[in-house]
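Just so we're clear, the structure is a prediction, and the values are computed from it rather than from any experiment.
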Amino acid sequence: MKTVVVEEMYEATIQTVWKALTDKEEMKKWYFDLSEFKAEVGFEFQFAGQGVKGEHYMHLCKITEVIPLKRLQYSWAYENLKGFSLVTFDLFKEGNKTRLTLTHTGIETFPQDNTDFDLKNFEGGWTALLTKYLKEYLAKLS
């Protein structure tokens with residue numbers, strides 16, 4: 001199985017990190033600009049993304065688990081492509097800081113003849129989002 005795990009510590013409360021992960025107005029400042037988002041099991045959302053050569057991919061996601069201030073999980077698939085994966089954000093309070101562990105499983109179910117779905121691209125994307133974009137966004141709030 002191909003799995004991405006990224007862990008990062010933030011100088012922010014667990015409430016602040018949770019809001020950044022679940023509030024669509026906050027999400028667009030570091031993640032994707034979603035037309036709609038609700039941290040509710042069964043809620044479906046989508047967003048456009050781009051491959052390394054400029055290909056356009058519509059991401060199709062559905063919330064599968066919500067434990068407020070602890071876990072957010074959603075499915076991750078692509079329109080008109082085979083494959084199904086899960087993205088899980090787990091939050092851990094450590095004093096006034098928050099440790100986030102992201103786990104993305106099922107990457108091997110995507111087309112293996114397309115380099116956009118190489119494990120290294122998912123690792124690079126999630127690492128940049130969590131260790132750079134989210135970290136910088138949260139630092140501005142404190």
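- Distance OG/Ser85 to CE/Met1: 10.0 Å, rounded to 0.5 Å.
- Both Leu119 and Trp126 belong to a single network of hydrophobic side chains, linked directly or stepwise wherever heavy atoms of I, L, V, M, F, W or Y lie under 4.5 Å apart.
- For the pair Leu72/Tyr74, a side-chain contact is recorded, criterion being any heavy-atom separation below 4.5 Å from C-beta on.
- Counting only distance, with no hydrogens or angles, the side chain of Asn121 and the backbone of Thr115 share a donor-acceptor pair below 3.5 Å.
- Under the 4.5 Å side-chain heavy-atom criterion for grouping Ile, Leu, Val, Met, Phe, Trp and Tyr, Leu129 is not connected to Val52 through any hydrophobic cluster.
- The CD atom of Gln15 sits 5.5 Å away from atom CG of Leu69, with the distance rounded to the nearest 0.5 Å.
- Within the model, atoms CZ of Phe32 and CE of Met27 stand 9.5 Å from one another, a figure rounded to the nearest 0.5 Å.
- Taking 4.5 Å as the limit, every side-chain heavy atom of Phe92 sits out of range of all side-chain heavy atoms of Thr98.
- Taking OG1 of Thr13 as the start and OH of Tyr10 as the end, the distance is 13.5 Å to the nearest 0.5 Å.
- When every heavy atom of Thr101 is checked against every heavy atom of Glu7, the shortest pair comes out as OG1-OE1, 2.8 Å.
- Contact annotation: the side chain of Asp23 never approaches that of Phe37 to less than 4.5 Å [non-hydrogen atoms, C-beta and beyond].
- Taking every heavy atom of both residues into account, Trp18 and Pro68 meet most closely at CZ2-CA, 3.6 Å.
- In this structure the side chain of Leu130 reaches within 4.5 angstrom of the side chain of Leu100, judged on heavy atoms.
- Between His59 and Phe47, the angle of the ring planes stays under 30°, which puts this pair in the parallel group of the 30/60° scheme.
- No more than 12 heavy-atom neighbours from other residues, nucleotides or ligands sit within 6.0 angstrom of NZ on Lys62.
- For the residue pair Thr3 / His104, no side-chain donor-acceptor distance below 3.5 Å is found, with atom types taken as modelled.
- Between Leu81 and Pro111, some side-chain heavy-atom pair lies under the 4.5 Å cut-off.
- Counting heavy atoms from C-beta on, the side chains of Leu21 and Trp30 come closer than 4.5 Å.
- Note: the hydrophobic cluster containing Phe122 also contains Tyr133 (ILVMFWY, side chain heavy atoms under 4.5 Å, direct or indirect links).
- Other residues, nucleotides and ligands place no more than 12 heavy atoms under 6.0 Å from the NZ atom of Lys53.
- Glu55 approaches Asp116 most closely through the heavy-atom pair OE1-OD2, 3.2 Å.
- Using a cut-off of 4.0 Å between Lys/Arg side-chain N and Asp/Glu carboxylate O, Glu8 and Arg99 are scored as not salt-bridged.
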| said: Walk me through whether Lys82 and Phe110 qualify under side-chain contact (heavy atoms from CB on, under 4.5 Å). | reply: CA-CA 6 Å; Lys82 70 176 185 115; Phe110 298 126; over 6 Å; no
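- Side-chain heavy-atom separations under 4.5 angstrom define the hydrophobic clusters, and the remaining members of the one that includes Met58 are Leu60.
- Glu79 meets the side chain to side chain donor-acceptor pair (under 3.5 Å) test with no other residue; sequence neighbours excluded.
- Here the closest heavy-atom approach between residue Lys38 and residue Ile63 is recorded as O-CG1, 3.7 Å.
- By the 4.0 Å N-to-carboxylate-O rule, Lys24 lies too far from Glu36 to be salt-bridged with it.
- Not a single donor-acceptor pair under 3.5 Å links the side chain of Thr16 to the backbone N or O of Ala12.
- Put simply, Val41 and Val87 are part of the same group of oily side chains (I, L, V, M, F, W, Y) that touch within less than 4.5 Å, one to the next.
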| query | What do the steps show when you test Asn114 against Tyr57 for side-chain hydrogen bond (donor to acceptor under 3.5 Å, both in side chains), and what is the final call? | reply | CA-CA 12 Å; Asn114 183 333; Tyr57 297 105; 3.1 Å; yes
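- The six-membered or imidazole ring of Phe84 lies away from that of Tyr78, with a centre-to-centre distance of 6.0 Å or more.
- Remark: Lys29 NZ to Glu25 CD distance equals 7.0 Å, nearest 0.5 Å.
- Summarising the geometry, atom CG belonging to Leu102 is positioned 7.5 Å from atom OG1 belonging to Thr88; distances are rounded to the nearest 0.5 Å.
- Of all non-hydrogen atoms in Gly83 and Ala77, the two that sit nearest each other are O-CB, 3.7 Å.
- For the pair Lys2 (side chain) and Thr109 (backbone), a donor-acceptor distance under 3.5 Å is absent.
- No more than 12 heavy-atom neighbours from other residues, nucleotides or ligands sit within 6.0 angstrom of NZ on Lys19.
- Residues Leu86 and Gln73 have side chains in contact (heavy-atom distance under 4.5 Å, counting atoms from C-beta outward).
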| So Lys132 and Glu136, salt bridge (charged side-chain N to carboxylate O under 4.0 Å, His left out) or not? Walk me through it. | CA-CA 6 Å; Lys132 180 177 178 9; Glu136 288 173 0; 3.1 Å; yes
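- Counting heavy atoms from C-beta on, the side chains of Glu65 and Lys70 never come closer than 4.5 Å.
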